[in-house]
Amino acid sequence: RRSEPPEGLGDAGAQRLMRSTLYFAVALGMVAFLVPFFMLSIAWDAIAVVLWAILAVVGRLPVFRLCMPALTRHHLRFLSSAPVRAVHRFGSTVLARLESGNHRGDGVMPFDDDRNEWMV
């Protein structure tokens, strides 16, 4: 059920009420996303360090030295920043799609019944 703001607030008061509610919801959503993301990112960093160390040791063996480049700290930085890059790429893709105008604005993707597929 949608509740309307009290009549005494007027349009400006209703806007302030909706804006403050929106800011609270956005802040709560950011916290709900960032806390698990940072925890998973720290776990991924630990996995990346172990994986990088194993590859660095194996890469120094004479047999693998022929087919594998020597690992440097740049490889570790690339591995450890993978979650941040993935979130950035996802955000950029979503923003580009929203700006391209391929949506109706109601959050529902249109479905083409003739071709039996989602219109993208």
Side-chain angles (χ1 to χ4, degrees):
R1 184 181 126 184
R2 183 177 171 183
S3 63
E4 297 294 325
E7 302 241 350
L9 283 177
D11 288 339
Q15 283 287 3
R16 278 195 309 264
L17 179 65
M18 289 188 331
R19 187 178 305 146
S20 63
T21 306
L22 174 67
Y23 291 157
F24 176 74
V26 168
L28 191 63
M30 281 179 20
V31 169
F33 170 76
L34 288 177
V35 169
F37 176 74
F38 282 132
M39 299 307 268
L40 289 173
S41 183
I42 290 170
W44 173 252
D45 287 345
I47 292 170
V49 166
V50 170
L51 181 64
W52 181 81
I54 291 171
L55 288 174
V57 169
V58 169
R60 288 197 160 84
L61 295 173
V63 174
F64 292 106
R65 200 178 305 162
L66 297 172
C67 62
M68 206 171 126
L71 288 178
T72 64
R73 69 180 197 281
H74 301 295
H75 294 98
L76 176 62
R77 197 170 93 197
F78 179 80
L79 270 176
S80 64
S81 65
V84 175
R85 277 194 325 271
V87 168
H88 183 264
R89 182 177 294 154
F90 175 75
S92 298
T93 305
V94 168
L95 183 63
R97 180 175 174 158
L98 288 175
E99 287 180 349
S100 71
N102 289 337
H103 68 293
R104 295 186 306 187
D106 57 2
V108 178
M109 287 180 33
F111 189 78
D112 188 0
D113 290 324
D114 296 333
R115 297 189 330 189
N116 198 24
E117 64 183 22
W118 293 102
M119 292 189 288
V120 181

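The residues of the chain are indexed from 1 along the displayed sequence.
Considering CZ of Phe37 and CD1 of Ile42, their distance stands at 10.5 Å, rounded to 0.5 Å. Atoms CG and CG, from Leu40 and Asp45 in turn, are 11.0 Å apart once rounded to the nearest 0.5 Å. How far CG of Leu76 is from OG of Ser81: 9.5 Å, rounded to the nearest 0.5 Å.
Remark: side-chain polar atoms of Arg65 are not paired, donor with acceptor, to backbone N or O of Ala70 under 3.5 angstrom. Between the side chain of Trp44 and the backbone N or O of Leu79 there is at least one donor-acceptor pair closer than 3.5 Å. Looking at Trp52, its side chain does come within 3.5 Å of a backbone N or O of Thr72 through a donor-acceptor pair.
Each of Ile54, Val49, Leu55 was evaluated against Leu51; a single residue qualifies, Leu55, per the side-chain contact (heavy atoms from CB on, under 4.5 Å) test.
Residues Phe64 and Val50 are members of one and the same hydrophobic cluster, defined by side-chain heavy-atom contacts under 4.5 angstrom among Ile, Leu, Val, Met, Phe, Trp and Tyr. Using a 4.5 Å cut-off between side-chain heavy atoms of Ile, Leu, Val, Met, Phe, Trp and Tyr, with links allowed through other members, Phe78 and Val84 fall into different hydrophobic clusters.
Judged by a 6.0 Å distance limit and a 45° cone about the ring axis, Arg85 is not positioned over the six-membered ring of Phe90.
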